[in-house]
Student: 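Quick one: this structure, given as structure tokens, is what I'll be asking you about.
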Amino acid sequence: MNKGKKIHEGKAKILYEGPEKGTAIQHFKDDATAFNNLKKSSVEGKGVLNNRISEHILNSLNQIGIKTHLIKRLNMREQLIKLVEIIPVEFIVRNIATGSLTKKLGIPDGTILSKPLIEYSYKNDQLGDPLVAREHIIEFNWASSLELDLIKDYCLRINDFMQGMFRGVGIKLVDFKLEFGRLDKAGNKEIILADEISPDTCRLWDVQSEKKLDKDRFRKDLGNIIQAYQEVARRLGIMHEEANISEVQFGKPKAVNLKKK
Ligand code: 5GP
């Protein structure tokens, strides 16, 4: 499928004009960034894995009635999506306290929250995506009160579904970030889920060992980033053992000589 002009280049993805009006092509890069772009690197294979994982999760959400921007995955790194007007707010859903929540409020890391906590961050790199209140969002017309009610309902349903999906494969869904957009439908604006859901946008811990299977491996220099993303894909049944080398082009396993000299 031919791509049109570049519409926007973000930290992890590029958006191109799609083949028809109202569509776009979302390209997943291997670039990894953290701490508002202060830390940057390229992680080979990350874009391919996020494309697959996000496709799987958005399709599953679609099956439970959550409308998303995803039309279909086109190839290893690209998805055909509906072009939406992005609401400039990151919706963060937390089940366990960690990350910025523990840093800002001094809550002990790993505290299990009594119910899911939804936070709002204003999407603005220059300001470092600051935490904002519902009242800021309404006051500055980023979204209406009605839209926020609807989005809150979607966030909780998505959290319920994803917690169950991950729990079934031995993973705790600690927290995640969602983005929503407005789709023009015969003059009416419909709110749909946009962006991606992947180990770049979620915190995922192994149930038994609490090993991090997400972008914190990059943020905290824990190593084995790709192996962790692959583990998530494998557990979700997206990628099979034999797929890693041919499709994602990871290095072949090296023979290990176990005999001591
Ligand atoms: P925190 O606020 O603790 O840094 O992040 C909470 C959750 O939202 C984490 O799962 C994190 O990955 C996700 N998140 C928050 N902001 C961003 C962002 O700008 N980009 C990405 N990829 N994820 C984010």
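In this chain, numbering begins with 1 at the start of the sequence shown. We count ligands from 1, going down the list as the structure has it; atoms in each ligand are counted the same way. Computation of the quantities below employed the complete heavy-atom set of this structure, encompassing side-chain atoms and omitting hydrogens, waters and symmetry-equivalent molecules.
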Student: Looking only at side chains, do Asp175 and Asn95 share a donor and an acceptor under 3.5 Å apart?
Tutor: no
Student: Show which atoms of ligand 1 fall inside a sub-4.0 Å distance from at least one heavy-atom site of Asp175.
Tutor: 6 (C), 7 (C), 9 (C), 10 (O)
Student: What residue and heavy atom of the protein are closest to atom 1 (P) of ligand 1, and at what distance?
Tutor: Ser100 OG, 3.3 Å
Student: Check Asp221 with Lys39, please: is the shortest side-chain N to carboxylate O separation under 4.0 Å?
Tutor: yes
Student: Quick check on contacts: which atoms of ligand 1 are under 4.0 angstrom from a heavy atom of Asp200?
Tutor: 12 (O), 21 (C), 22 (N), 23 (N)
Student: Using a strict 4.0 Å cut-off to heavy atoms of Asp129, name the atoms of ligand 1 that fall inside it.
Tutor: 19 (O)
Student: Could you tell me whether the side chains of Arg52 and Ser198 share a donor-acceptor contact shorter than 3.5 Å?
Tutor: no
Student: Can you tell me if Asp214 and Tyr229 form a side-chain donor-acceptor pair at under 3.5 Å?
Tutor: no
Student: Do Glu90 and ligand 1 have an N or O pair less than 3.5 Å apart?
Tutor: yes
Student: So is Lys13 close enough to ligand 1, meaning a heavy atom under 4.0 angstrom away?
Tutor: no
Student: Is Lys103 near ligand 1, meaning one of its heavy atoms is under 4.0 Å from it?
Tutor: no
Student: For ligand 1, does Ile92 get within less than 4.0 Å through its side chain, its backbone, both, or neither, judged by non-hydrogen atoms?
Tutor: side chain
Student: Which atoms of ligand 1 are found less than 4.0 Å from any heavy atom of Gly99?
Tutor: 3 (O)
Student: Can you tell me if CD1 on Ile112 sees more than 12 non-hydrogen neighbours from other groups inside 6.0 Å?
Tutor: no
Student: Is it the case that the side chains of Asp109 and Thr98 hold a donor-acceptor pair, with the cut-off being a distance below 3.5 Å and no angle test?
Tutor: yes
Student: So which of Arg219, Glu179, Arg203 gets nearest to atom 6 (C) of ligand 1, if we judge by its closest heavy atom?
Tutor: Arg203
Student: Decide whether Thr111 and Arg94 meet the rule of one side-chain donor and one side-chain acceptor closer than 3.5 Å.
Tutor: no
Student: In the protein, what heavy atom is nearest to atom 8 (O) of ligand 1, and what distance, to one decimal place, separates them?
Tutor: Lys177 CB, 3.6 Å
Student: Can you tell whether the side chains of Asp31 and Lys13 come within less than 4.0 Å, N to carboxylate O?
Tutor: no
Student: Quick test of your reading of the model: are Glu179 and Lys123 salt-bridged, counting only N-O distances below 4.0 Å?
Tutor: yes
Student: Side chain, backbone, both or neither: which part of Cys202 comes within less than 4.0 Å of ligand 1 when only heavy atoms are counted?
Tutor: backbone
Student: Go through ligand 1 atom by atom and flag the ones less than 4.0 Å from a non-hydrogen atom of Arg94.
Tutor: 1 (P), 2 (O), 3 (O), 6 (C)
